[in-house]
2 protein chains.
Amino acid sequence: MPTGQEHTVKAFDQDIGHLRGLISQMGGLAEEAIADAMTALSRGDAELAKQVRSKDKAIDLIEAEVEKLAVRVIALRAPMADDLREVVAALKIAAVIERIGDYAKNIAKRVPSIHTGPDRIEAISILPAMANLASDMVRDVLDAFASRDAEAALEVCRRDRALDDFYNSIFRVLLTFMVENPKTISEVAHLLFVAKNLERIGDHATNVAEMVYFAATGKYLADRDSLEGRA
Amino acid sequence: MPTGQEHTVKAFDQDIGHLRGLISQMGGLAEEAIADAMTALSRGDAELAKQVRSKDKAIDLIEAEVEKLAVRVIALRAPMADDLREVVAALKIAAVIERIGDYAKNIAKRVPSIHTGPDRIEAISILPAMANLASDMVRDVLDAFASRDAEAALEVCRRDRALDDFYNSIFRVLLTFMVENPKTISEVAHLLFVAKNLERIGDHATNVAEMVYFAATGKYLADRDSLEGRA
């Protein structure tokens, strides 16, 4: 027969397992949303863009479930130290993934404004590579969370710099494109926001990486600005 | 002599009072950050812009304090129903105010990129009115939280539509400005992001309003998209 304490520990482990499962499910949906939004953008596929928007509700629902479960675990199991850090991290990570989903939704929302004529705006072609970088960061940081791997989390933080550089160069390319094709200024302005959304997805993956690092080690990463390094 | 239960209730009320105080302090700092960022932008005051960026750390610190206190209250006092909703709302509202502070910081960061020459970009002049609308929403929703006023929270949600309309018209004005002044495209592109940041501040004030409404009534506001109404 298990003792009362063993029973509590086991129940806590089950709750944590459930929390991890929900987070990984959310992460999968967010990655899919980024990929689908970019496909919709590249193809001018308004129907797919619409699906991204409606699927975002599923992410929101899981976030609400994580919140409910995390609060219940804190109230009922009164976890301490490492365990409490982990539950609070799950709560915060869910909120960040919800935001990542919002950015994907935001990209999808712009599809009809970008494909206003029969011609494909040439400038779109530089964005998918940036989206892949951002999406890989999301996937890798969630893997780092699942395996409590502080080193892998650090590695994601380091990659944010490359994404920022990518963003800065895309920003300049798009401005040049505007100057040279004043008729497309409105469409290209929307692409600027798409690029910015991708850059923000990378920022949020970095935020999650910081939370994973803290949950795994109990130490804060050095001052965020030194990692941010963006203007 | 107070009974044990009275003692717990009183301790809980003190904690909630402390949480409310911290949130209101954060909100004051966020409003100040928006105002200072816009002043820095209008005057091209790089020094003031720098102060906004460094003061943002104070907002982050208070958020961490709210998080610690809220988790402690949930774990130690095991609040139920209304009380639990209030603590969770405080936790989430603090996270949103932190984001509002980030948007103000982001506006401040753009000041040096916008004031690159001796001439003031004329298009800047349309932004302060939009900033006032957004900042008023932040102030009013925090007042609604402090007074648990669900009706005032609803009122803030309704105003988000006006801010979105304002944003859409500024977006068009700035694009026209770009077409007519191709030399300023880079600076005006930064202004597009400033306008977008202000629009996002309004979105976040609306998110807080939804949380205040839920904390005060236990009911969710109707589907967010119907309130969002933005593309």
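Residue numbers begin at 1 in each chain, while the letters A, B, ... track the order of the sequences. Model, not experiment: these values are computed from the prediction. The figures that follow rest on heavy atoms only: side chains count, while hydrogens, waters and symmetry mates do not.
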Point-to-point distance, once rounded to the nearest 0.5 Å, from NZ of B:Lys196 to CG of A:Leu192
12.5 Å
Once you measure the plane-to-plane angle for B:Phe171 and A:His190, does it fall in the parallel (<30°), tilted (30-60°) or perpendicular (>60°) bin?
tilted
If one checks every heavy atom of B:Val71 against chain A at 4.5 Å, the contacting part turns out to be both
Side chain / backbone / both / neither for B:Lys183 at chain A, heavy atoms under 4.5 Å:
neither
Is A:Leu84 in contact with chain B via its backbone, its side chain, both, or neither, using a 4.5 Å heavy-atom distance?
side chain
Side chain, backbone, both or neither: which part of A:Arg99 has a heavy atom under 4.5 Å from chain B?
side chain
Determine the minimum heavy-atom distance between B:Leu175 and A:Ala189, stating which atoms define it.
CD2-CB, 3.6 Å
Please name the pair of heavy atoms, one in A:Pro182 and one in B:Val179, separated by the smallest distance, quoted to 0.1 Å.
O-CG2, 4.2 Å
